[in-house]
Amino acid sequence: MEETSGSQSAGGRADAGGDVVRGVAGGVARDMAGDVVRDVAGERSGAVACPAAIRRALDGHTTVTLAYVDEDGPQACAVLYAAATAADGAPVLYFVTAASTRHGRALGKPGARVAFTVQRDGQEWSGLTGIQGRGGCRPLSGDARAAGWRSYTARFPFVEADERLRAALERTALWELRPDWLRLIDNAQGFGHKEEWRG
């Protein structure tokens, strides 16, 4: 991949925002706006570890806004999530929503994909922190659901503490969101600071 300052050059790739980003093994790259982007893809063979800063940001928030497209066009929804680590070391998000909702119907289709953001409201621009991402969704069952449910209730212990809420949510679908691209934006590290991960 190449760094460019205008149109995309041979070997470059466009990121989610259309910026061309160069991956540098263990190093630093800059996108078209000159913003520093650390791209950990290619740092080592096999599974690529998700950077600690991205994991901390996922662990530090509780609401993800999912964007998807169905037969009626684009739509977005916000859900509470619990972050965890999959057996292969990749990040995973668990959330609860009924399969009968508009987003539940869209996400329940084979190969369903979403774009998403994670951030807190009311942040000052100088300390703005958030995550952009893309990935696949699927409803869970059996052992996978049981493991996801443990992560979800550990993050939200009030669910287990309220018998009516627990019973209602246990009857609702538990979903897994497996990101395959994440971008951390952290202005506290410098305006426009970005760090990326690819699964």
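Both backbone and side-chain heavy atoms feed into the values below; hydrogens, waters and symmetry mates do not. We're numbering straight along the sequence, starting at 1.
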In this structure, SG of Cys137 is separated from CD of Glu176 (nearest 0.5 Å) by 9.0 Å
Any side-chain heavy-atom pair from Thr62 and Arg155 closer than 4.5 angstrom?
-> yes
Side chains of Arg55 and Thr85: do they bring a donor and an acceptor to under 3.5 Å?
-> yes
When rounded to the nearest 0.5 angstrom, what distance separates CH2 in Trp175 from CG in Leu140?
-> 9.5 Å
Tell me, do Arg178 and Asp88 make a side-chain contact under 4.5 Å, heavy atoms counted?
-> yes
Test item: Leu182 and Cys50 side chains (from C-beta on) under 4.5 Å apart, heavy atoms = yes
Taking the side chain as every heavy atom from C-beta outward, state whether Arg105 and Asp70 have any atom pair closer than 4.5 Å.
-> no
Nearest non-hydrogen partners of Tyr68 and Arg113, listed with the distance = CB-O, 4.5 Å
Interatomic distance, CZ@Arg166 vs CD@Glu160, rounded to 0.5 Å, equals 6.0 Å
Members sharing Val69's hydrophobic cluster (side chains within less than 4.5 Å) = none
Report the distance from atom CD1 of Ile54 to atom CG of Asp59, rounding to the nearest 0.5 Å.
-> 12.0 Å
With sequence neighbours left out, the residues meeting side-chain contact (heavy atoms from CB on, under 4.5 Å) with Ala84 are Val92, Tyr94, Ser151
Within the side chain of Tyr81, is there an N or O that forms a donor-acceptor pair under 3.5 Å with the backbone of His61?
-> yes
Compare all side-chain heavy atoms of Trp197 with those of Leu184 and state whether any distance is below 4.5 angstrom.
-> no
Hydrophobic cluster identity match, Leu66 and Ile131, side-chain contacts under 4.5 Å | yes
Under a 4.5 Å cut-off applied to non-hydrogen side-chain atoms, are Gln132 and Ile185 in contact?
-> yes
ILVMFWY network linking Leu177 to Val118, side-chain heavy atoms under 4.5 angstrom = yes
Would you call Thr63 and Phe95 a side-chain contact if the rule is heavy atoms closer than 4.5 Å?
-> no
Can you find a pair of side-chain heavy atoms, one from Arg102 and one from Asp72, that are under 4.5 Å apart?
-> yes
Could you grab the distance from atom CZ of Arg134 to atom CZ of Arg198, nearest 0.5 Å is fine?
-> 7.5 Å
Shared hydrophobic cluster for Val79 and Phe116 (ILVMFWY, side-chain gaps under 4.5 Å) | yes
What is the minimum heavy-atom distance between Asp162 and Leu165, and which atoms define it?
-> OD1-N, 3.0 Å
Please identify each residue that fulfils salt bridge (Lys or Arg N to Asp or Glu O under 4.0 Å) with Arg145, with sequence neighbours left out.
-> none
Give a yes or no on whether Val114 and Leu58 share a hydrophobic cluster (residues Ile, Leu, Val, Met, Phe, Trp, Tyr; joining criterion: side-chain heavy atoms under 4.5 Å apart).
-> yes
Hphob cluster co-occupancy, Leu107 + Val96, side-chain heavy atoms under 4.5 angstrom = no
